[in-house]
4 protein chains.
Amino acid sequence: MARPKTEDKRKRILQAAVKVFARKGYFAARVSEIAKKAGVADGTIYLYFKSKEDILVRLFDEVMAEQAEEMGKVVRNLPAAPERLRAIAERHLRALGGNRDLAVVFQVELRQSTQFMARFTASWLGDYFALITDVIEQGQREGVLRADLNKKVATKAFFGALDEMVTSWIIGGKGYDLAQLAAPVVDLFLRGAAVSKKSAPARPALAAVATGRGGR
Amino acid sequence: MARPKTEDKRKRILQAAVKVFARKGYFAARVSEIAKKAGVADGTIYLYFKSKEDILVRLFDEVMAEQAEEMGKVVRNLPAAPERLRAIAERHLRALGGNRDLAVVFQVELRQSTQFMARFTASWLGDYFALITDVIEQGQREGVLRADLNKKVATKAFFGALDEMVTSWIIGGKGYDLAQLAAPVVDLFLRGAAVSKKSAPARPALAAVATGRGGR
Amino acid sequence: MARPKTEDKRKRILQAAVKVFARKGYFAARVSEIAKKAGVADGTIYLYFKSKEDILVRLFDEVMAEQAEEMGKVVRNLPAAPERLRAIAERHLRALGGNRDLAVVFQVELRQSTQFMARFTASWLGDYFALITDVIEQGQREGVLRADLNKKVATKAFFGALDEMVTSWIIGGKGYDLAQLAAPVVDLFLRGAAVSKKSAPARPALAAVATGRGGR
Amino acid sequence: MARPKTEDKRKRILQAAVKVFARKGYFAARVSEIAKKAGVADGTIYLYFKSKEDILVRLFDEVMAEQAEEMGKVVRNLPAAPERLRAIAERHLRALGGNRDLAVVFQVELRQSTQFMARFTASWLGDYFALITDVIEQGQREGVLRADLNKKVATKAFFGALDEMVTSWIIGGKGYDLAQLAAPVVDLFLRGAAVSKKSAPARPALAAVATGRGGR
DNA sequence: AATGAATGAGAGTTCATTCAT
DNA sequence: AATGAATGAACTCTCATTCAT
């Protein structure tokens with residue numbers, strides 16, 4: 001029964017870290033404050049993590065591992081590329097929209113330095129990008145996505161759009177439901193902003209859906 | 001001509017700061033290193049800037065003021081919304097793609113903290129977003145952009161896509177020409193990733209899938 | 001007995017500070033030198049004191065608290081005003097004459113600024129003045145001290161005389177016994193410097209006491 | 001006509017220094033602030049003074065030279081020791097009571113360090129003490145002052161009493177006339193605080209003088 | 001004589017990390 | 001495993017002084 005208590009402590013430290021990093025920023029965050037919030041002694045943190053930076057790294061890794069697994073499941077359960085993209089967007093926005101502190105850490109604190117970013121890109125973010133690229137590729141093979149699309153550009157544009165939704169949501173602090181933006185974002189990604197040259201007066205039905213909210 | 005030497009010194013400090021911030025990151029950057037690289041004494045920096053943070057802030061403000069002005073000119077000289085978006089994208093990518101160090105500072109260092117970000121958003125970034133939103137609105141009025149588009153979401157998606165191009169370019173370190181991505185990004189933004197349903201009889205089945213509902 | 005080591009460390013820092021302040025002066029004193037002399041790390045000082053200034057303030061407060069208590073006891077155990085004044089003078093001179101470094105800190109370093117002085121006056125020095133004034137008042141009521149005396153002026157003159165004995169002793173550096181000056185100072189304060197017009201050939205006994213040494 | 005302007009500048013610097021030292025304290029005083037208040041450039045100060053400390057030293061020396069001369073005159077013009085002491089006290093208190101800023105510098109700033117104090121004592125203060133001692137000695141020879149008095153102790157007590165009047169006046173900040181304390185202080189010094197045992201009815205005339213006012 | 005931009009040495013303080021208990 | 005007192009390296013900024021003009 002030693003493990004559960006131990007695991008509990010580790011988790012408490014991680015949760016405390018999310019809060020402190022989010023409120024103060026990684027550099028201004030004090031290890032002693034994380035310890036205090038986690039209800040452990042300063043030194044105890046070093047029984048579970050190598051260093052302050054290690055806390056941030058593990059945080060990212062663990063959240064990402066969880067997300068990656070679920071993301072994989074979700075995608076596998078859907079057949080067509082558009083639905084898959086929609087599901088990805090929704091998960092992405094729901095995961096971060098559900099925990100503002102975590103979102104702050106992911107959007108802001110994890111981007112402290114080129115080295116940090118390069119490292120994360122190399123590990124999890126690379127996988128995420130690969131997942132999106134795969135779906136796009138599949139869409140192209142199946143003929144639902146334009147074959148003349150540059151896959152990499154499309155992948156980055158897709159991710160960049162989602163990423164910006166999250167960042168704006170954090171900064172805006174308006175508290176709207178982030179996940180609701182999944183639909184309009186994916187719709188825009190698929191159909192584009194321009195009026196389809198041959199399409200008639202546009203579909204009023206869809207318009208109603210796509211409009212709606214979407215705070216800044 | 002009263003202080004060419006003085007202005008020169010100020011500029012040298014700013015340029016040195018870009019380099020040092022880019023290589024070390026804002027926090028790890030040492031004021032003394034900036035001074036050394038600028039060829040001035042440590043104390044001299046404080047004749048031109050209030051603090052280390054002030055250097056970063058001025059850097060951002062001055063680059064942004066310059067960009068904002070040129071961005072305004074560029075947009076005013078073009079009539080249609082699509083061309084304007086293309087011009088914005090090109091300027092955006094060219095401005096950052098032309099100076100990797102500056103790009104690093106803008107993509108990474110300036111996003112150190114929510115406070116920093118909120119502050120920059122409030123000043124220049126807000127104007128930039130407004131400019132994009134205006135162009136989109138105009139396009140909607142003129143009937144070239146879909147009227148059922150959520151302007152804010154579209155603005156963020158547009159910016160987010162560009163932003164991610166820059167970030168990926170920095171991290172990739174591959175050294176390709178960033179500005180070349182302007183065309184595909186804008187094309188994707190305008191036409192979308194999906195195959196246009198009516199342009200060619202297309203595959204009805206798949207088209208139905210791509211249309212689908214508006215999501216959630 | 002929970003923290004003999006801790007208390008010991010605090011005391012060692014205070015003692016080291018007295019020495020360093022006395023030799024170098026408050027401003028020129030280096031925190032690192034105090035730490036070294038106390039046998040602790042620089043940072044350790046900040047576990048016990050808020051700042052360099054705080055060391056000085058605590059030093060004063062703690063010495064004064066101790067002195068004030070003993071001074072009160074001494075005075076309460078003596079009935080007549082003259083004896084009480086004599087006891088005060090003796091304690092005052094003995095307290096500072098027993099530790100030259102401490103005396104330097106009290107006579108010189110603590111008077112660095114009007115703010116410092118005002119602050120100390122407001123706290124302990126005010127109490128000390130009040131004690132002296134009380135004794136003088138009592139003497140007047142009892143008819144041993146002249147009723148036409150301005151109490152406040154007398155209080156300041158009494159304190160000023162003692163204070164100057166200490167200062168001169170410090171600067172002179174001759175190393176005589178400061179406490180021996182208590183008798184002549186109080187004698188002068190009580191009887192005055194002038195020849196008592198009606199008093200006969202003067203009292204040889206007291207003269208012997210008042211003369212003695214007391215070099216500057 | 002070069003000299004007057006130059007002398008004027010030197011004087012302006014000295015006057016500015018008195019104000020700044022008094023308000024900020026010697027250490028916190030900024031040379032640039034003195035320059036600004038004197039209406040000269042920072043560098044100009046170094047044409048007239050060797051260093052910041054030199055300003056303080058000159059300040060003291062010049063004021064003291066002036067005072068010493070006048071003090072000498074005053075004393076020479078009076079025959080008896082008691083009158084001379086009264087004149088000294090009055091000059092002392094009037095000189096400092098007439099210029100609070102100067103008084104602050106003399107009472108507080110000049111006592112920054114044992115070295116400072118020792119130095120000043122060695123030069124002017126030593127002369128001042130010698131003057132007082134001489135007068136006391138003379139009084140003893142003439143039989144107006146007690147022969148059994150320790151001259152040095154009496155000198156210090158006399159000076160200390162005056163010194164404390166000034167310090168209290170500065171700290172109190174009440175703004176009463178400092179010079180008015182000369183009479184009661186000297187009266188106390190000469191006649192003492194105790195009721196003269198044999199002079200029963202006491203001298204009403206002197207009593208009236210000794211009472212009077214006398215700020216806090 | 002006067003200027004004031006430039007210099008650069010210098011120190012208080014913080015805080016991640018360690019380690020004796 | 002847990003503690004938390006102790007460590008000490010590290011860094012921004014200030015300001016007396018200089019010197020080219």
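Letters A, B, ... are given to chains in the order of the sequence lines, protein chains preceding strands, and every chain is numbered from 1.
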Atom NZ of A:Lys36 to atom C1' of E:dC15: distance rounded to whole Å?
15 Å

Between D:Ser51 and F:dA16, is there a side-chain N or O to OP1/OP2 distance below 4.0 Å?
no

Reckon A:Tyr46 has a side-chain N or O less than 4.0 Å from the OP1 or OP2 of E:dC19?
no

Assert: residue with more 5' nearest nucleotide on DNA chain E, out of A:Thr44 and A:Ser32, is A:Ser32

Could you walk me through whether A:Phe21 and A:Ile34 pass the side chain to side chain contact (heavy atoms under 4.5 Å, CB included) check?
CA-CA 9 Å; A:Phe21 285 158; A:Ile34 296 175; 3.9 Å; yes

Do B:Arg111 side-chain atoms and B:Phe106 backbone N/O form a donor-acceptor pair below 3.5 Å?
yes

Between CD1 of C:Ile45 and P of E:dT14 the distance, given in whole Å, is 13 Å

Roughly how many Å is it from CG in C:Asp54 to P in E:dT14, rounded to a whole number?
12 Å

For C:Gly39 and for B:Val31, locate the closest nucleotide of DNA chain F by heavy-atom distance; then report the residue assigned to the nucleotide nearer the 5' terminus.
C:Gly39

If you compare every side-chain N and O of B:Arg30 against the phosphate oxygens of F:dT12 (OP1, OP2), does one of them come in below 4.0 Å?
yes

Taking for C:Glu53 and for B:Ala41 the nucleotide of DNA chain E with the nearest heavy atom, the one nearer the 5' end belongs to B:Ala41

Ionic contact status for D:Glu62 with D:Arg10, cut-off 4.0 Å
yes

Return the nearest nucleotide to the side chain of D:Tyr48; candidates are F:dA9, E:dA1, F:dT3.
E:dA1

Without decimals, in angstroms, what is the distance between B:Ile34 CD1 and F:dC11 P?
13 Å

Spacing of B:Arg10 atom CZ relative to E:dA6 atom C1', expressed in whole Å
17 Å

Write down the partner of E:dA20 under the Watson-Crick or G-U wobble criteria, each distance required to be under 3.5 Å.
F:dT3

Using only atom types and a distance under 3.5 Å, with no angle test, would you say the side chain of B:Lys9 pairs donor to acceptor with the backbone of B:Ala38?
no

In whole Å, what is the span from the CD1 atom of C:Ile55 to the P atom of E:dA11?
15 Å

Regarding B:Ala28, tell me which of base, sugar-phosphate or nothing describes its non-hydrogen contacts under 4.0 Å with the strands shown.
nothing

Within a 6.0 Å radius of atom NZ on B:Lys37, are there more than 12 heavy atoms belonging to other residues, nucleotides or ligands?
yes

Expected output: side-chain C:Tyr26 to main-chain C:Val108 donor-acceptor under 3.5 Å
no

Taking only the side-chain nitrogens and oxygens of C:Lys9, find out if one of them lies under 4.0 Å from OP1 or OP2 of F:dA6.
yes

Which nucleotide wins on minimum distance to the side chain of D:Leu47, given the candidates F:dA5, E:dT7, E:dT3?
E:dT3

Looking only at F:dG8, E:dA9, E:dT3, the nucleotide nearest the C:Asp42 side chain is F:dG8

Nearest whole Å is fine: how far is E:dG12 C1' from C:Phe49 CZ?
16 Å

Quick one: is D:Lys50 getting a side-chain N or O under 4.0 Å of the F:dT17 phosphate, OP1 or OP2?
no

Send over the distance from B:Lys24 NZ to F:dA10 P, rounded to a whole Å.
13 Å

